[in-house]
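Structure first, commentary second.
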Number of protein chains: 2
Amino acid sequence: MNGKLRVNPEVREHVLAAVKELGYRPNKVARSLRTQASRVLALVVSDISNPFFGSVIRGVEDVAGSADYLVVLFNSDEDVERERRYLSIIVAERMAGVIISPTSERKTDLSLLVDNGIPIVTVDRLAKTSGTDTVRSDNVEGARLATAHLLDQGYRRIGYVGGPAAATTSRERLVGYKAALRQARVRFERRLLSAGDFKEESGHVVMTKLLEAQPDAVLVANHTMAIGALRSLREAGLRYPDDLGFVSFDDPPWASLTHPSLTVIAQRDLEIGRQAAHLLKQRILEPDRPAVRAILQPELRVRESSLRPVP
Amino acid sequence: MNGKLRVNPEVREHVLAAVKELGYRPNKVARSLRTQASRVLALVVSDISNPFFGSVIRGVEDVAGSADYLVVLFNSDEDVERERRYLSIIVAERMAGVIISPTSERKTDLSLLVDNGIPIVTVDRLAKTSGTDTVRSDNVEGARLATAHLLDQGYRRIGYVGGPAAATTSRERLVGYKAALRQARVRFERRLLSAGDFKEESGHVVMTKLLEAQPDAVLVANHTMAIGALRSLREAGLRYPDDLGFVSFDDPPWASLTHPSLTVIAQRDLEIGRQAAHLLKQRILEPDRPAVRAILQPELRVRESSLRPVP
DNA sequence: CTGTTAGCGCGTTCAC
DNA sequence: GTGAACGCGCTAACAG
């Protein structure tokens with residue numbers, strides 16, 4: 001049946017007929033128990049409602065599916081505790097491998113997986129566990145591009161709405177932001193810096209607070225917070241780009257459809273998912289291969305929200 | 001260890017210490033095989049990138065998680081073949097139950113699940129398999145509300161961008177659309193009707209085609225197609241609500257943030273997910289309980305895109 | 001090339 | 001109250 005052994009054609013015929021007759025379906029639970037292996041990959045993302053991860057998921061499913069792996073999805077929701085529970089489940093279910101965007105570089109504990117020999121690929125972010133394959137964007141460059149573009153437009157008091165310091169993306173994007181300011185010899189001001197938790201509500205709270213420092217532009221570190229931030233601007237009666245230049249990470253389909261349309265840093269999300277799945281497949285076959293750290297270049301897409309009107 | 005049997009306290013102590021010492025983790029694969037049961041629920045959605053399903057997922061996870069069920073997610077992407085493969089996997093993995101938004105009322109074949117005694121709840125849509133629990137919106141009423149609102153604003157040539165006829169939501173929403181026209185004694189015109197496949201690209205194609213019939217307003221049957229439709233309007237240089245009134249199903253966070261903001265039919269998505277998970281839990285406990293068909297009322301949220309300027 | 005058998009790690013049952 | 005033996009459904013290793 002599994003097409004491996006050489007069998008007498010007529011026997012094979014007979015068996016296949018019986019399979020159809022009885023509606024026999026192999027029990028994969030039993031198979032997994034016996035072979036000590038499974039065709040199930042876990043994909044743990046930190047925010048399923050962020051279209052960035054939506055595309056990553058699609059990329060993973062594309063290549064995993066065509067390699068006959070089943071992808072099961074977990075949504076950690078930026079919650080270390082939830083994430084921990086999921087990792088525990090993954091071990092208990094003896095899944096074949098894990099692709100994860102770790103909630104926290106320090107707190108996310110992948111040692112459970114490592115100890116049980118489960119292959120890991122991190123996406124979007126790094127984890128302290130060294131030696132895992134990684135696929136992510138060049139976040140420093142992304143933030144630098146965005147900030148330089150705003151400076152170029154003549155904005156001078158550029159705010160930064162970052163994510164939790166525990167996520168490597170937050171910190172790297174902050175580095176890029178600072179680098180651009182330094183390059184342009186614009187003074188860095190601590191008051192223009194703020195940190196949320198990558199979720200919509202915090203984008204709203206943090207942006208509202210940031211407005212007190214009177215920025216003339218803002219860079220938001222992910223899409224989900226950008227929505228909260230836009231809500232805050234609307235409540236304050238501020239219009240972009242007139243009152244405030246606006247750039248954010250991630251490029252959902254509607255960003256180009258609104259008036260004014262949104263300038264964004266687009267990541268190669270689909271490709272990140274694809275490469276992650278490829279790396280995981282390889283790592284499963286060849287556990288001792290040296291770790292790969294892939295870095296993809298993000299792209300600045302200039303639209304209306306960052307085009308400063310000439311005074 | 002499972003806290004069932006009455007054991008000598010000191011023995012228990014000793015065992016628990018050993019568990020910690022050795023880092024022992026029960027093998028759920030073996031447990032499933034032995035007990036012929038699992039704590040895994042499958043959730044098969046037809047479009048993971050639609051924020052409507054994002055909320056449904058969250059609702060399911062909320063109640064399933066607190067009942068110690070693990071939710072694994074499948075994205076059928078409106079593809080009957082993919083869906084079929086997933087259902088086959090669910091049977092092979094002997095999962096405890098399934099929540100599904102069936103791609104097609106006729107073609108989606110749930111009999112495989114029924115034959116294997118796997119409990120089913122359908123969400124958002126119906127399947128031909130009778131006797132399953134169901135949670136969905138009152139689609140007829142939703143479309144009727146939207147259309148009546150547009151008529152009320154003075155729009156007369158209202159187009160309808162529907163989904164595939166195979167999905168019950170498409171057909172029900174069409175019924176509501178027609179009902180509103182009839183109530184207002186506005187003549188129904190076949191040219192103003194069109195059907196996509198619920199995906200973004202088809203929203204774009206179908207809307208572009210529909211414009212030839214010169215509608216003065218349009219109702220789009222889901223969010224994903226609405227994005228494609230908006231892109232089409234932008235390309236045609238049409239503005240809403242000035243040139244065209246615009247209403248669509250589903251209410252993602254950004255609908256209220258754009259200029260002009262979008263009038264929508266909001267479904268009680270989170271609640272749909274919650275109730276579905278509740279019903280599935282109950283059905284697992286009590287397989288012969290009569291089927292429940294829950295219907296939740298959607299809500300018209302009037303914003304700028306449908307407010308016809310007085311001539 | 002074919003039929004038989006052991007055992008994966010659990011939960012359950014039956015002696016003790 | 002405790003321990004040993006059995007079997008869930010499958011694959012791999014073996015003997016015929």
Side-chain angles (χ1 to χ4, degrees), chain A residues 1-42 67-70 72 85 87-97 112-113 115-119 284-285 287, chain B residues 1-42 67-70 72 85 87-98 112-119 284-285 287:
Chain A
M1 267 191 61
N2 296 338
K4 289 183 179 177
L5 271 54
R6 304 175 135 276
V7 221
N8 194 320
E10 58 187 62
V11 176
R12 146 193 257 109
E13 201 74 16
H14 189 220
V15 170
L16 258 39
V19 166
K20 223 173 196 170
E21 180 81 10
L22 301 172
Y24 169 79
R25 318 197 60 90
N27 183 330
K28 297 222 181 183
V29 178
R31 177 179 296 177
S32 281
L33 179 61
R34 174 64 240 224
T35 60
Q36 302 290 54
S38 86
R39 302 296 291 183
V40 179
L41 302 183
D68 194 33
Y69 277 101
L70 166 66
V72 319
R85 272 185 13 235
L87 295 181
S88 165
I89 288 170
I90 289 164
V91 172
E93 301 278 355
R94 304 298 194 267
M95 296 184 180
L112 191 62
L113 301 175
D115 294 348
N116 284 277
I118 299 180
I284 290 172
L285 295 176
Chain B
M1 267 191 62
N2 295 338
K4 288 184 178 175
L5 270 57
R6 305 176 136 275
V7 223
N8 194 319
E10 57 189 64
V11 175
R12 147 192 255 108
E13 201 74 12
H14 188 219
V15 170
L16 258 42
V19 165
K20 222 171 197 172
E21 181 80 13
L22 302 172
Y24 169 78
R25 318 197 61 90
N27 184 329
K28 297 222 180 185
V29 178
R31 178 180 296 177
S32 282
L33 179 59
R34 174 63 240 227
T35 60
Q36 300 290 56
S38 86
R39 302 293 292 180
V40 179
L41 303 182
D68 196 31
Y69 278 102
L70 166 65
V72 319
R85 274 186 10 235
L87 294 179
S88 165
I89 289 171
I90 289 165
V91 171
E93 300 278 355
R94 304 298 196 265
M95 296 185 182
V98 177
L112 191 62
L113 300 176
V114 176
D115 294 347
N116 284 275
I118 298 180
I284 290 172
L285 295 176

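The structure presented is a predicted model; accordingly, all values stated were derived computationally and were not measured. In what follows, every chain begins at residue 1, and chains take the letters A, B, ... in the order their sequences are listed. Below, all heavy atoms of this structure are taken into account, side chains as well, without hydrogens, waters or symmetry copies.
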Exercise for review: For side chain to side chain contact (heavy atoms under 4.5 Å, CB included), just list the numbers for E93(A) and V40(B), CA-CA rounded to whole Å, side-chain angles, deciding distance to a tenth of an Å, and then say yes or no.
Suggested key: CA-CA 10 Å; E93(A) 301 278 355; V40(B) 179; 3.9 Å; yes

Please tabulate the protein-to-nucleotide N/O contacts below 3.5 Å involving nucleotides 14-16 of chain C, giving atom names and distances.
none

Review point. Which heavy atom in A96(B) sits nearest to a heavy atom in L41(B), and how many Å separate them?
Key: CB-CD2, 4.1 Å

**Study point:** Protein-nucleotide distance (H14(B), atom NE2; dG3(D), atom P), rounded to Å
**Key:** 12 Å

Practice item. Measure the spacing between CG of N27(A) and CD of Q36(B) and express it to the nearest 0.5 Å. Key: 7.0 Å

Revision key, fill the gap. Regarding the side chain of Q36(B), the nearest nucleotide among dG9(C), dA12(D), dC8(D) is dC8(D)

Practice item. Walk me through it: do R39(B) and L70(B) pass the test side chain to side chain contact (heavy atoms under 4.5 Å, CB included)? Key: CA-CA 6 Å; R39(B) 302 293 292 180; L70(B) 166 65; 5.8 Å; no

Check your understanding: For T35(B) and R34(A), take the nucleotide of DNA chain D holding the closest heavy atom to each; which residue's nucleotide lies nearer the 5' end?
Key -> T35(B)

Practice item. Looking only at non-hydrogen atoms, find the nearest pair between P119(B) and G117(B) and report the distance. Key: CD-O, 3.4 Å

Check your understanding: What distance do M95(A) atom CE and L87(A) atom CG have between them, rounded to the nearest 0.5 Å?
Key -> 11.0 Å

Point to revise | Whole angstrom value for the distance that separates P of dG7(C) from CG of L33(A) | key: 14 Å

**Study point:** Bend angle of the helix from dG3(C)-dC14(D) to dC16(C)-dG1(D), end axes from five pairs each (to 10°)
**Key:** 50°

Study note, to complete from the structure: Residues passing the side chain to side chain donor-acceptor pair (under 3.5 Å) test with S88(B), sequence neighbours excluded, are R25(A)

Exercise for review: Using a 4.0 Å heavy-atom cut-off across all strands, classify R94(B) as base, sugar-phosphate, or nothing.
Suggested key: nothing

Point to revise | Length of the line joining R25(B):CZ and dC10(C):P, which is rounded to integer Å | key: 12 Å

Practice item. Return the value, rounded to whole Å, for the distance between atom NZ of K28(B) and atom P of dG11(C). Key: 10 Å

Review point. Using a cut-off of less than 4.0 Å, is there contact between a side-chain N or O of R31(B) and OP1 or OP2 of dG11(C)?
Key: yes

Review point. Considering all heavy atoms of both residues, which atom of R94(B) and which atom of P26(A) are nearest to each other, and what is their separation?
Key: NH1-O, 4.1 Å

Check your understanding: V91(B) and I118(B): which non-hydrogen atoms are nearest, and at how many Å?
Key -> CA-CD1, 3.9 Å

